[in-house]
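Every heavy atom of this structure was used, including side-chain atoms; hydrogens, water molecules and symmetry mates were not.
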Amino acid sequence: MPVFLHDTMSREKRPLLPKPGREIYGMYCCGPTVYGPAHIGNFRTFTVQDVLRRTLEVGGLKVKHVRNITDVDDKTIRGAQAAGQTLGDFTKKWTEKFHADCKALGLLAPHVEPSAVVHIPQQVAMIKALVDRGHAYVAKDGSVYFKVCSCPDYGKLNHIDFSKLETQTENSAGEANDADEYERESASDFALWKSRKPEDGANFWPSPWGEGRPGWHIECSAMSLAHLGATFDLHGGGIDLCFPHHENEIAQSECATGVKGFAAHWFHSAHLMVEGEKMSKSKGNLYTLDELVAKGFSPMEVRYTLISGHYRSSLNFTMKGVDDSRSALAKLERGADRLLAAAGFTRAEFAAPVAQEVQTSWGRFAKAWEVLQDDLNIPGCLGQVFTVLAEKDEPSAEQARQDVSGLAKILFALGLELFVVKAEVAIPADVADLGARRWAAKQSKDFAAADQLRKDLATLGWTMLDRKDGYDLKKS
RNA sequence: GGCGCGGUAGCCAAGUGGUAAGGCCGGGCUCUGCAAAAGCCCCAUGCGUCGGUUCAAUUCCGACCCGCGCCUCCA
């Protein structure tokens, strides 16, 4: 059974399959603009896309996942200048930071990660095709604009009748729309090429219309064409990109290539709220991964939180939510441990592919897999996983082996890595000494002394957990 | 105004035309010298409001209320 996913354009749930005659499922995801650290809102989208890609792969599809790096635009140019760095040095730094965060969150690297700067020649070629075909015009200053009225089905993704499109006098950030800044014929037209301005500094490139730089929308059109062709299977991004970015991409790509059906499926993920409010710099609730790690959360706990809601609903990210995720993840580990024990496997065998003969088995997790494949219902899938893990009857060894196989695949699809070795907290000598003395006191049944030593440990901020054969010291 | 999304227990969150998954928290029990951990059990006659359709609606239809997003900065 293929994965079914809601498609923004048709507004229907549709199966995800490669185009007839093709082996590879091509997906393009709008990547980050590398002018600073990505925030958790960005990562919600990238994480959900990662789960989709993993789910498709676990389901047996060969996927080509393309996610670009936007390394030339207003923000990167401004940022580089403010930092006194070249654009290349500046974006390299933030690209590396992005990669580090992705890795920590368990995001699989895309198969291709094109750079917008590297693809400027392709963008110029595409703009040239648009001008040649009458879909774009050159303004007096050498900027080139897409002529929206030349594209009759403009608005089809968002179901907007563009002839009735009213342009707001200000955007949602409260800034005036500078419709008159450039010489556009219509306020709906958008820039494909921006002529060189003094404030661009050294960041300009040659083109048939003079020096300048590409507009933002054309970058994705050119890169998807270069790496996936004129038509491909799925295009993803945050819901905010649905208009105008993706609408513009469709118009540019289809008008430039003359081929309709740019992306067969549109995958948009809803936004992340923080503590009930929209994330914004002014509210100071724009968290980065580093900030959450500094609060004591692990990246895996953050990942769990980011996927704990359905991708089409906005997710309210709270610190309590990450706390809850920590507990849930721990419960998942305990459940997996029990299953592993019943199957006679070790934790190492769980992470690695388990025995060949049960590789295709889902065991009791077939239902969880089924739910996941239905519009990427991650919360529903997790619910199923916990339900199975809580089943009272001890599974037979054979049953448990199949379950382990199924659970491993589910967790791989979700990108949840269990049993991540946590950094050992060094135990101070005095604490270790108190612990040893209390254990000795307990062994000799001197409970009064043992209780006192427990209190002493608590004073130092440590808790002692007794087991049958020993004890653990934990920072409380 | 246009185009969308959503309102389910203390919190988070699935789902279904036949009477509510799961996680967190909380409570109880077992175990334990104590404490914890762990396991087990309990925890919405209710699914924004009001109507309608139906043998039956949280689920379908209509109206309304409330919250949120986008409408050329945004993942």
Counting heavy atoms from C-beta on, name the nucleotide in B/G33, B/C73, B/G4 closest to the side chain of A/Lys442.
-> B/G33

Close residues, residues 37-45 of chain A, relative to RNA chain B [heavy-atom separation under 4.0 Å] = A/His39, A/Gly41, A/Asn42, A/Thr45

Looking at every strand, decide which applies to A/Arg338 at a 4.0 Å heavy-atom threshold: base, sugar-phosphate, or nothing.
-> sugar-phosphate

Exercise: do A/Asp141 and A/Ser143 side chains pair donor with acceptor under 3.5 Å = yes

Mind telling me whether A/Phe90 and A/Trp94 have parallel, tilted or perpendicular rings, with 30° and 60° as the class edges?
-> perpendicular

Would A/His271 count as stacked on B/G69 if the rule is ring centres under 5.5 Å and plane angle under 30°?
-> no

So what does A/Leu272 hit on the nucleic acid, given a heavy-atom distance under 4.0 Å: a base, only sugar-phosphate, or nothing?
-> base

Between A/Phe317 and A/Arg44, is there a cation-pi geometry (under 6.0 Å to ring centre, at most 45° from the normal)?
-> no

Roughly how many Å is it from NE2 in A/His246 to P in B/C70, rounded to a whole number?
-> 15 Å

Where does the angle between the aromatic ring planes of A/His245 and A/His217 fall among parallel (under 30°), tilted (30 to 60°) and perpendicular (over 60°)?
-> tilted

Is the base of B/G15 touched by the side chain of A/Asn377 through a donor-acceptor pair closer than 3.5 angstrom?
-> no

So A/Trp362 and A/Trp369, would you call those rings parallel, tilted or perpendicular, with 30° and 60° as cut-offs?
-> parallel

Whole Å only: how far is the NZ atom of A/Lys75 from the C1' atom of B/C73?
-> 6 Å

Quick one: sort the A/Phe146 and A/Phe190 rings into parallel, tilted or perpendicular, breaks at 30° and 60°.
-> parallel

In dot-bracket, 5' to 3', how would RNA chain B read with Watson-Crick or G-U wobble pairs under 3.5 Å, [ ] for crossing ones and | for pairs to another strand?
-> (((((((..(((.........))).(((((.......))))).....(((((.......))))))))))))....

Please indicate whether A/Lys156 has more than 12 foreign heavy atoms, meaning atoms of other residues, nucleotides or ligands, lying under 6.0 Å from its NZ.
-> yes

A/Tyr28 atom OH is separated from B/A75 atom P, nearest whole Å, by 12 Å

Taking for A/Met464 and for A/Gln384 the nucleotide of RNA chain B with the nearest heavy atom, the one nearer the 5' end belongs to A/Gln384

In whole angstrom, give me the gap between the C1' atoms of B/C41 and B/C64.
-> 43 Å

If you look at every strand shown and take non-hydrogen atoms under 4.0 Å, does A/Asn158 touch a base, only sugar-phosphate, or nothing?
-> sugar-phosphate

At under 4.0 Å between heavy atoms, what does A/Asp466 touch on the DNA or RNA strands: base, sugar-phosphate, or nothing?
-> base

Considering heavy-atom distances to RNA chain B, does A/Phe46 or A/Glu391 have its closest nucleotide positioned more toward the 5' end?
-> A/Glu391

Confirm from the modelled atom types if A/Arg312 and B/G69 form a donor-acceptor pair under 3.5 Å, side chain to base only.
-> no

Is the phosphate of B/C5, meaning OP1 or OP2, less than 4.0 Å from a side-chain N or O of A/Arg11?
-> no

Geometric cation-pi criterion, A/Arg326 with A/Phe297: 6.0 Å, 45° = no

Close N or O pairs between protein and nucleotides 23-27 of chain B (under 3.5 Å):
unit_1: B/G23; atom_1: OP1; unit_2: A/Lys331; atom_2: NZ; d: 2.8
unit_1: B/C24; atom_1: OP2; unit_2: A/Lys331; atom_2: NZ; d: 3.3
unit_1: B/C24; atom_1: O2'; unit_2: A/Asp324; atom_2: OD1; d: 2.4

